[in-house]
Amino acid sequence: MKQKIHNILTKISFEIYPEFSEEFKISKPNNPSHGDWTSNLALILAKKLKKSPIVIAEEIINRFDSYENISNIEVAGAGFINFFLKDEIFLELTKRFSLGNFENLVINENPKKILLEYVSSNPTGPIHVGHGRSAAYGSAIANLYKLAGNKVIQEYYINDRGLQAKSLGLSVFLRMQKIYGKEIQLPEGCYEGDYINNLAELAVKEFEEKFKLNDFNIASNYSTVKEWLGFIEKNYRDFSNLTKLSIDIQINQIKESLVEFRVEFDEWFKESTLFKKELVNDALKSLKKNDISKKEGASWFRSTNYGDEKDRVLIRDDNEPTYFASDIAYHKNKYERGFNKIVNVWGADHHGYIPRVKASIESLGLDSSLFSVLLIQFVSLKENGKKVQMSTRSGEFIELSELIEKVGIDSTRYYFLARKPEQSVEFDIDLAKKTDKDNHVYYIQYAHARICSLKKELSKRDIEIDFDASTNKLTLLKKDNEKDIISFINSYPEVLNHCYRNNEVHPLCFYLRDLSSKFHSFYNSEKIISEDEDLRDARIVLSTAIQKIIKNGLDILKIDCPESM
RNA sequence: CUCCCGGUAGCUCAGCUGGAUAGAGCAUCUGCCUUCUAAGCAGAGGGUCGCAGGUUCGAAUCCUGCCCGGGAGGCCA
């Protein structure tokens, strides 16, 4: 419909102004009294024609052949052309939704094979609330991508090697000593927390006394991670197995937390596999020769050739490849797996990392326009009106599982998703715990449950409704609030398309909230199970459309949609 | 110092690919349950859209500068 109006307007504007080449818009006005669609065409033309926009607008209207679906056209305000459509054309989508048909709502002329990588938190500790936000967001975006007909692989990249992994192994090693008999001070850079103690216990079960220090006093010789690792790697040949076990257990816990949070990955990609297959070396060799230089014993990538702030180290002077080196290999691998859209969801603290990764992709001769990064801002928690202190350093971060336990999965997901990604989230635990209107999740779920309950009421009264036939009764809905809901229902596809185009889901959250609000209002003002049977049927069809939209939307967000509350 | 994000009602936030009187929830006040779920509804008040310029018929929205808050600038990941 919008497109049809656009075409006609374009044609008319050529007639009155042959050199016409301007962009004009057809949009939905905020104010319903301004029509169903409005165009700024006359305002744009006014400049070129040096005439009053109102005069031009009237001229355009006069040339407008009557169009079957349009009930009225008017000029308003500074020269807007407002289109009022016939009520009937709004009924199609409502019918369709009430019958549960949500096919092909998102327009995508070019379906792709997408690799969506998100969370990818280090397996050196549990998932905390910040990761939770990425997890909720990534899983919802994945659903949107699928909805648009793309093939999507969701992937978690595991940093299971390098210094951090060894530090985890070391932390567990030292905590094992406590079980063996003596508590040893952890050096700076080690991991703390109950989970390390748990890992130590499991490791002792697995390895028994294999990692016991012969002489606890030796501890006084070492005070840094490097010193400790030097000693351990020399004297305990199986230390890498301890590290591996720790990482594996940690990954499993992460997996469990994520599954509980309704986030499931298709692939778990281990960084270490890149090394086993020599993919890191291969990748580095594939970089353009003059993008690499040696300096101070290290090998550097000249990312400044591609606009990065400074060059980056690939191989350190101790011959260890950096994280960046494996990341180059990892991204090369993503391209080689045949994806034509590669999306990374990263915490905003990684934004400085983007230029170098893009640079490396270009240096590999790959198309960096297929690659994009979605940045997510941080999460802070508020409880009892006060900020909850969190710092990774002291290990005082709040785990995702802890938050879920407090406020539930639905609330947690919703409040992560209802905020635009570039806005930091202040998560109000007390609000999220509430079970009334303050909490939008319950409000939306309640609307859905109410509609389900209406239908139960129908069967209680032995009323059967022929759904297919009843959809034609929608024309009986003539009240303002009913027409307003029908119009609002018609904007659902636009909301989804907007979300898809912009990699956002918060507009969907707001839409569902508003739709619920309209329903609650409707419910309070009208008797839905009316004495007038035709009216009753029509209202049930309308309510069902709302119910199914809520279900459809909450499914995308992976939020439960109970039938009774 | 450089880069990124935010600054909109008392609070938490939408709106930002320029459009008509700047929206919602909470909080504050006033009403509504013998009637389909009150986990709900109706109504009221509440704003220099951080500041200053600029572009334009039109700016919360685009551009420049500045101020405030958060984050990033490792041969860590």
Side-chain angles (χ1 to χ4, degrees), chain A residues 23 25 27 29-31 33-34 38-40 43-44 46-47 52-53 76-80 82 120-122 124 159 162-165 167 189 271 295-300 309-310 312-324 326-327 347-355 375-378 380 382 385 415 418-428 431 434-443 445-447 449-458 460-461 501-502 506-507 509-510 513-514 516-517 519-530 536 539-540 543 564-565:
Chain A
E23 292 278 315
K25 277 196 342 195
S27 53
N30 301 324
N31 188 336
S33 72
H34 295 142
T38 184
S39 178
N40 63 346
L43 295 161
I44 302 277
K47 199 189 300 180
S52 154
F80 292 96
N82 296 339
S120 299
S121 68
N122 281 320
T124 51
N159 302 118
L163 189 63
Q164 293 210 27
S167 300
E271 183 188 1
K295 199 165 60 187
E296 294 156 14
S299 175
W300 294 70
E309 282 181 336
K310 48 179 104 168
R312 311 291 174 176
V313 172
L314 294 170
I315 314 271
R316 301 198 307 234
D317 56 8
D318 63 1
N319 227 9
E320 270 287 304
T322 59
Y323 171 86
F324 179 44
S326 18
D327 228 21
D349 52 335
H350 285 68
H351 93 268
Y353 199 75
I354 301 171
L375 293 175
I376 310 269
Q377 288 289 336
F378 300 114
S380 62
K382 200 171 94 179
Y415 283 102
R419 199 71 82 229
K420 60 181 174 184
E422 64 268 34
Q423 172 79 263
S424 55
V425 165
E426 187 178 73
F427 194 106
D428 186 333
L431 171 64
K434 285 193 181 176
T435 55
D436 59 20
K437 175 180 173 45
D438 296 8
N439 186 330
H440 293 181
V441 189
Y442 284 91
Y443 187 77
Q445 290 177 330
Y446 183 47
R450 258 186 162 173
I451 299 169
C452 293
S453 154
L454 278 173
K455 294 181 163 174
K456 279 177 206 149
E457 184 65 26
L458 286 179
K460 210 186 279 176
R461 298 188 197 173
R501 277 198 305 274
N502 297 290
H506 68 279
C509 296
F510 283 92
R513 205 252 150 221
D514 291 342
S516 303
S517 170
F519 172 74
H520 286 308
S521 176
F522 176 55
Y523 181 93
N524 271 274
S525 67
E526 312 299 335
K527 193 110 180 144
I528 290 174
I529 304 182
S530 162
R536 174 199 70 197
R539 284 180 175 163
I540 289 292
S543 302
S564 66
M565 292 174 73

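Protein chains get the first letters and strands the later ones, always in sequence-line order, with residue 1 at the start of each.
Taking atom C1' in both rU21(B) and rG58(B), the straight-line distance is 15 Å, to the nearest Å. rU8(B) and rU48(B): their P atoms are spaced 11 Å apart (whole Å). On the P atoms, rG54(B) is 27 Å away from rG47(B), given to the nearest whole Å. Spacing of C1' atoms, rC66(B) relative to rA9(B), comes out at 26 Å, to the nearest Å. rC16(B) and rG43(B) have their C1' atoms separated by 31 Å, with the value rounded to a whole Å. A distance of about 8 Å separates the C1' atoms of rA27(B) and rG10(B), rounded to the whole Å. Taking the P atoms as reference points, rG15(B) lies 15 Å from rG50(B), given to the whole Å. Comparing rC32(B) with rA38(B), their C1' atoms sit 9 Å apart, to the nearest whole Å.
The two residues Pro421(A) and His506(A) make their nearest non-hydrogen contact at CD-ND1, 4.3 Å. Scanning all heavy atoms of the two residues, the minimum distance from Arg539(A) to Ser530(A) falls at NH1-CB, 4.1 Å. Closest of all the heavy-atom pairs between Lys25(A) and Asn40(A) is N-OD1, 2.8 Å. The two residues Leu431(A) and Asn439(A) have their closest heavy-atom pair at O-ND2, 3.5 Å.
Residues that satisfy the side-chain contact (heavy atoms from CB on, under 4.5 Å) test with Ala298(A), not counting sequence neighbours, are Trp300(A), Val313(A). With sequence neighbours left out, the side chain to side chain donor-acceptor pair (under 3.5 Å) criterion links Thr38(A) to Asn82(A).
Donor-acceptor pairing under 3.5 Å, judged by distance alone, is absent between the side chain of Glu320(A) and the base of rC75(B).
Counting only heavy atoms from C-beta outward, the side chains of Gln423(A) and Gln377(A) never approach each other to under 4.5 Å.
We find that CZ of Arg312(A) is positioned 13 Å from C1' of rC76(B), with the value rounded to whole Å. Note: CD (Glu271(A)) to P (rC76(B)) measures 14 Å, nearest angstrom. In this structure, the OH atom of Tyr353(A) is 11 Å from the C1' atom of rC76(B), given to the nearest Å. In this entry the distance linking CG of Asn439(A) with C1' of rG40(B) reads 15 Å, nearest Å. With rounding to whole Å, Tyr443(A) atom OH is found 22 Å from rU12(B) atom P. Rounded to an integer number of Å, the gap from Ile376(A) CD1 to rG71(B) P is 18 Å.
Among the atoms of the strands shown, base atoms are found under 4.0 Å from some heavy atom of His350(A). Within 4.0 Å of Asp317(A), counting heavy atoms only, lies at least one base atom of the nucleic acid. In this structure, Lys455(A) reaches neither bases nor backbone, as no heavy-atom distance under 4.0 Å exists between it and the strands shown. Residue-level contact check: Ala46(A) touches neither bases nor backbone, having no heavy atom under 4.0 Å from any strand.
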Take Thr124(A) and Asn122(A), measure what side chain to side chain donor-acceptor pair (under 3.5 Å) needs, and give me the verdict at the end.
CA-CA 5 Å; Thr124(A) 51; Asn122(A) 281 320; 4.9 Å; no
Practice prompt. Output, in order, the C-alpha distance, side-chain angles, deciding distance and verdict of side chain to side chain donor-acceptor pair (under 3.5 Å) for Ser380(A) and Glu426(A).
Written response: CA-CA 5 Å; Ser380(A) 62; Glu426(A) 187 178 73; 4.6 Å; no
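Residue order along RNA chain B, read from the 5' end via each residue's closest nucleotide, puts Arg501(A) first among Gly352(A) and Arg501(A). Looking at which nucleotide of RNA chain B each of Glu426(A) and Glu296(A) is closest to, the 5′-most match is held by Glu426(A).
A distance of 10.0 Å separates OG in Ser543(A) from OH in Tyr523(A), rounded to the nearest 0.5 Å.
A cation-pi arrangement is absent between Arg450(A) and Phe519(A), since the terminal nitrogen or guanidinium carbon is not both under 6.0 Å from the aromatic centre and inside a 45° cone about the axis.
Counting heavy-atom neighbours within 6.0 Å of Asp317(A) CG, excluding the residue itself, gives a total above 12. Heavy-atom contacts from other residues, nucleotides or ligands closer than 6.0 Å to CG of Asn31(A) number more than 12.
In terms of modelled atom types and a separation under 3.5 Å, the side chain of Asn524(A) and the main chain of His520(A) share a donor-acceptor contact. Not a single donor-acceptor pair under 3.5 Å links the side chain of Arg316(A) to the backbone N or O of Leu314(A).
Aromatic rings of His440(A) and Phe510(A) (six-membered ring for Trp) have centroids beyond the 6.0 Å cut-off, not under it.
Here rC11(B) is in the anti range [glycosidic angle more than 90° from 0].
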Once base and sugar-phosphate atoms are separated, protein heavy atoms under 4.0 Å mark nucleotides 19-24 of chain B, 5' to 3', with B, S and - as BBB--S
5' to 3', nucleotides 32-38 of chain B under a 4.0 Å protein heavy-atom cut-off (B base, S sugar-phosphate only, - none) gives ---BBBS
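At rG25(B), none of the side-chain N or O atoms of Arg419(A) fall inside 4.0 Å of OP1 or OP2 (strictly under the cut-off).
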Dot-bracket assigned to RNA chain B with the 3.5 Å Watson-Crick/G-U criterion, [ ] for crossing and | for other-strand pairs, is ((((((((.[[[[.)...(...]]]].(((((.......))))).....[[[[[..)....]]]]])))))))....
Mind listing the N/O atom pairs, protein and nucleotides 2-6 of chain B, below 3.5 Å?
residue: rC3(B); atom: O2; partner: His351(A); partner atom: NE2; Å: 3.4
residue: rC4(B); atom: O4'; partner: His351(A); partner atom: NE2; Å: 3.2
residue: rC5(B); atom: O4'; partner: Gln377(A); partner atom: NE2; Å: 3.4
residue: rC5(B); atom: O2'; partner: Glu422(A); partner atom: O; Å: 2.3

